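Everything numeric in this text was worked out from a predicted model, so none of it was measured. We name chains A, B, ... by the order of the sequence lines, and we start the count at 1 in each one.
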Amino acid sequence: MTEMTIGIPRFRGRVRRPEVLVIGGGLSGMTAALAARRTGAEVTLVADGAGVLELASGCIDRLAVPFETLPPAHPYRLLGMETVDQELGDFQEEMARVGWGLSPGDKEVITALGARRPTYLVGPGMTAPPPGEPVWVVGFRGLRDFDPAVVAAGLGGAPWSWVDLPGQPEEVHPVALARLLQNEVYREEVIDAVLAARDAAGLSVAGEGSGRRWVLFPAVLGLTGAEKVQADFATAVGMRLAEVLLPPPSVPGLRLAEALRRVVQQAGVDLALGARAVRAEVSNGRVHSVVCEGAGGQVTYEAGAYVLATGGLLGNGLVADGLLVREPLFDLPVATPGGSGHGTARQDPTGQDPSAWADADFLPAGGHPFVRVGVTVDEDLRPEGFSNLFVCGRTLAGYDPYAEGCGGGVAVATGGAAGRLAGCQAVSEGGERR
Amino acid sequence: MIKEYDACLKCTICEMHCPMLRVAPEFPGPKNGGPGLARLRAAGEVAELDHLDLCLGCRTCDTVCPSGIQPADLIAVPKRKKVGRRGLTLRDWVLTHTYMVGPIAVHMPGLTNGVLANRPIRWTMEKVLHIDRHKPMPRYANHSFRDWFARHESPWKDRPAPNGKVAYFHGCSVQFMEPHIGRHVVEVLEHNGFEVVLPQQTCCGLPIIANGDLKGASSNGRYNLRHLREPAEAGIPIVVSSTSCSLTLKHDYEHLLHLDGADVVARQVYDISEFLLACHEQGLLRTDFQQMDERLPYHQPCHQRAQGIGLPAVTLMNLIPGVKSWNLDAGCCGSAGTFGFKEEKYEVSMKVGESLRDAIVASGAPRTVSDCETCRWQIEYQAGTKAVHPISVLWEAYGLGRR
């Protein structure tokens with residue numbers, strides 16, 4: 001025992017004591033850490049690997065179905081839409097602090113198949129043109145997963161063009177291209193090629209409908225400096241501009257993730273990436289410590305309050321062995337289809353019916369029941385019996401981000417709410433703990 | 001080897017974060033060069049990819065992988081095999097064994113630094129050794145850190161230090177080039193009631209590992225473990241002021257080189273800021289700091305981030321009244337130890353460092369803080385601002401320079 005060793009009477013080894021520990025570094029964990037920090041708490045966030053923001057659209061959905069249709073255990077029902085909208089508003093404000101403007105509303109973005117996808121908070125240059133507006137779709141040769149003809153066809157037909165990049169690379173990574181386009185000299189070269197393609201397509205500014213037309217580019221126009229890159233392209237081409245989402249890896253997702261990391265770090269959150277929470281010590285419903293392990297060894301965190309944001313089945317925040325689903329760190333109650341939601345879900349020894357978990361249709365309107373698997377919590381996002389543990393994001397039960405179009409909104413709203421509650425609790429109890 | 005690479009989902013998150021892939025499209029990247037190639041090797045294919053040696057070894061991919069894979073080690077496998085067969089090239093041997101020159105160089109720093117800054121000599125070094133002539137070589141000091149320590153008088157020499165002993169692993173750069181940082185470590189620890197002891201030590205071996213010579217690095221490792229084992233077994237914390245050395249002692253000796261006793265030592269090794277912050281949160285750190293009124297942008301070294309211990313230096317500096325410190329989060333500095341000194345890598349290393357340079361310039365601050373010596377040298381060269389170790393900031397704030 002380190003703390004007992006002769007010569008070091010007081011130093012207790014690798015023991016850290018932040019006021020709030022957030023476990024998980026995806027959208028909800030980052031939002032939680034930020035909200036907790038804003039209450040004045042000292043916050044550490046530990047994350048095992050990056051979240052999936054970098055693979056997502058860079059937009060935040062809110063809700064694509066009527067509120068009344070949501071099941072009783074839905075996180076939006078626990079929080080109430082007023083809180084949800086408050087949290088989304090706070091998120092938008094926080095991102096504006098680092099210059100990342102998100103505009104709210106019933107927005108649409110265009111996908112690489114030319115489909116219109118509804119969403120809520122949209123990053124710069126991504127809002128789709130209103131239906132019926134004339135567009136011109138531009139693709140860059142060598143950038144895989146984007147074919148301007150496919151986008152044009154998906155939009156019901158529109159002029160489209162290929163543009164050669166300088167040096168005519170056989171293949172170019174979207175992130176590398178986004179960074180290259182922030183270089184002024186390179187950008188000028190690409191813009192010249194785009195102008196030549198525009199004129200070849202007979203869409204020069206002097207032409208018919210000029211000024212009203214939109215130009216659609218794949219979403220690779222810059223990283224942190226995207227707004228400037230987009231503006232340069234739009235001005236030169238003489239059209240309004242919108243970016244089209246690509247399949248992952250996603251440049252707009254990376255922009256949002258980087259902006260979020262910036263604001264979290266500027267706020268003074270201690271960001272410990274590359275550490276996995278391996279063990280928790282709990283008694284009488286109170287979490288005393290969580291042990292995290294990274295390449296730099298095991299660190300014991302003794303915080304006042306904890307936020308669990310480790311993700312769902314895909315993020316390893318929940319693990320499944322057949323129909324047995326567990327929350328591995330605290331062994332929290334997991335609600336499964338057919339289960340009551342209280343107590344750990346067990347595979348029925350008599351043989352639980354797996355058909356209750358999935359719909360016979362591949363893409364059912366109401367979604368598949370297994371998607372709603374998760375940890376059940378009360379209105380303060382606490383699992384039953386816990387006093388200083390708050391759960392947020394994909395770990396939660398009761399929602400279907402795909403069928404309800406609410407994934408980002410749930411992550412932000414529950415993350416913000418969980419972080420605020422954890423922060424307030426830790427700060428008010430702080431005096432006693434130290 | 002366990003088939004951990006089979007856990008790769010091809011999610012591309014490592015590619016999104018790889019600092020090399022953003023500037024060198026010819027680099028195969030962590031996904032293809034790591035688990036991708038490992039699968040082919042396992043299937044018995046002669047799996048080789050060009051430009052794999054562009055890997056910086058920054059371990060960003062290890063840190064961001066959601067599937068627990070460590071692509072950086074997988075990428076290094078072919079190089080380690082080759083070096084294992086043929087040994088280090090002359091150039092790589094020279095770059096990784098500067099610690100052997102150190103004892104002589106500190107006795108004639110004027111001559112050594114003059115030679116290393118001489119343009120015709122640098123030109124010749126580039127032609128003969130392929131060591132790039134542009135980047136300034138680190139300058140040797142006029143005394144070694146251990147010389148200073150031997151002369152220095154501890155406030156705890158006549159009475160027991162209230163917080164006990166701490167062993168200090170200073171590494172090569174403090175010993176020969178930046179002894180003042182070692183002094184700052186010692187004086188800050190003593191100010192906080194710790195007695196500092198200096199175990200025998202040699203280069204941790206990280207540059208040798210990075211250049212592929214695991215056998216050579218193992219002999220450095222065994223030497224160090226022989227001398228660090230005793231304090232470790234006595235429960236004495238071993239603090240390290242270079243984050244690359246601390247990662248090597250904590251992780252590589254055990255998990256890469258599989259050395260005896262590495263686990264015992266690793267458990268006691270602390271990055272100096274990690275140690276001081278743990279002390280603070282356990283109520284052991286003095287906070288009698290003087291007002292400083294300075295904005296201090298911080299560059300997190302890749303090998304510090306890879307440890308999964310957060311940003312202790314930032315938290316510590318923000319304890320100083322008037323200081324506002326924050327992590328720039330602008331990616332790898334590009335130097336990556338010896339990488340940036342190589343003729344064929346110099347240009348790409350400078351390209352990698354551009355984002356950090358831009359962030360530093362945009363911050364407008366005259367000083368940047370970073371815990372790693374090669375990061376600091378790269379920042380001073382590329383961004384043209386002063387770069388200091390966080391311990392030096394604490395040392396100033398304690399007013400220890402004015403004693």
K.L.:
Could you give the distance from CG (L284(B)) to CZ (F11(A)), rounded to the nearest 0.5 Å?
P.N.:
7.5 Å
K.L.:
Side chain, backbone, both or neither: which part of E258(A) has a heavy atom under 4.5 Å from chain B?
P.N.:
side chain
K.L.:
Atom SG in C18(B), atom NE2 in H173(A): separation rounded to 0.5 Å?
P.N.:
9.0 Å
K.L.:
Heavy atoms only, distances under 4.5 angstrom: which of K250(B), Q282(B), Q304(B), E195(B) has the most pairs with chain A? Name it, please.
P.N.:
Q282(B)
K.L.:
Any chance CD of E26(B) has more than 12 other-residue heavy atoms, nucleotides or ligands included, within less than 6.0 Å?
P.N.:
yes
K.L.:
Give the minimum heavy-atom separation between P66(B) and A50(A), together with the two atoms involved.
P.N.:
CB-O, 4.1 Å
K.L.:
Closest heavy-atom contact between M16(B) and S250(A)?
P.N.:
CE-O, 3.3 Å
K.L.:
Pick whichever of A295(A), A275(A), G274(A) has the most heavy-atom pairs under 4.5 Å with chain B.
P.N.:
A295(A)
K.L.:
Would you mind checking which part of A278(B) comes under 4.5 Å of any heavy atom in chain A, side chain (CB onward), backbone (N, CA, C, O), both or neither?
P.N.:
both
K.L.:
For a side-chain contact (heavy atoms from CB on, under 4.5 Å) with Q265(A), tell me which candidate from V314(B), L328(B), L311(B) qualifies.
P.N.:
L311(B)
K.L.:
Looking at every non-hydrogen atom in both residues, tell me the closest pair between R14(A) and Y270(B) and how far apart they are.
P.N.:
N-OH, 3.2 Å
K.L.:
Is there a donor-acceptor pair closer than 3.5 Å between any side-chain N or O of Q266(A) and the backbone N or O of W326(B)?
P.N.:
no
K.L.:
Quick one: of I309(B), L21(B), V269(B), who has the most non-hydrogen atom pairs under 4.5 Å with chain A?
P.N.:
V269(B)
K.L.:
How far does CG of D62(B) sit from CG of L273(A), to the nearest 0.5 angstrom?
P.N.:
13.0 Å
K.L.:
So which of T224(A), L45(A), L55(A) has the biggest tally of heavy-atom pairs under 4.5 Å with chain B?
P.N.:
L55(A)
K.L.:
Tell me, for E274(B) versus chain A, whether the close heavy atoms (under 4.5 Å) come from the side chain, the backbone, both or neither.
P.N.:
side chain
K.L.:
Under a 4.5 Å heavy-atom cut-off, does chain A meet the side chain of C11(B), its backbone, both or neither?
P.N.:
both
K.L.:
Is R179(A) in contact with chain B via its backbone, its side chain, both, or neither, using a 4.5 Å heavy-atom distance?
P.N.:
side chain
K.L.:
Might you point out which heavy atoms bring G308(B) and A272(A) nearest each other, and give the distance in Å?
P.N.:
O-CB, 3.9 Å
K.L.:
For the atom pair CG (N327(B)) and CZ (R261(A)), what is the distance rounded to the nearest 0.5 Å?
P.N.:
9.0 Å
K.L.:
Atom CZ of residue position R38(A) - does it have more than 12 heavy atoms of other residues, nucleotides or ligands inside 6.0 Å?
P.N.:
yes
K.L.:
At a heavy-atom separation under 4.5 Å, does C65(B) approach chain A through its side chain, its backbone, both, or neither?
P.N.:
backbone
K.L.:
Consider salt bridge (Lys or Arg N to Asp or Glu O under 4.0 Å). Of R17(A), R16(A), R12(A), which one does E281(B) pass it with?
P.N.:
R16(A)
K.L.:
Set out, in order, the CA-CA distance, both residues' side-chain angles and the distance that settles side-chain contact (heavy atoms from CB on, under 4.5 Å) for R22(B) and L223(A), then state yes or no.
P.N.:
CA-CA 11 Å; R22(B) 291 186 183 196; L223(A) 295 169; 3.9 Å; yes
K.L.:
Determine whether more than 12 heavy atoms belonging to other residues, nucleotides or ligands lie under 6.0 Å from atom CZ of R279(A).
P.N.:
no
K.L.:
Under 4.5 Å from any heavy atom of chain A, what part of K351(B) do you find: side chain, backbone, both or neither?
P.N.:
backbone
K.L.:
Please state whether the side chain, the backbone, both or neither of H255(B) comes within less than 4.5 Å of a heavy atom of chain A.
P.N.:
neither
K.L.:
Quick check on R267(B) against chain A: is it the side chain, the backbone, both or neither that has a heavy atom closer than 4.5 Å?
P.N.:
backbone
K.L.:
What residue, out of P174(A), G315(A), G294(A), A176(A), has the most heavy-atom pairs lying under 4.5 Å from chain B?
P.N.:
A176(A)
K.L.:
Output the option from L180(A), V172(A), L271(A) having the highest count of non-hydrogen pairs under 4.5 Å with chain B.
P.N.:
L271(A)
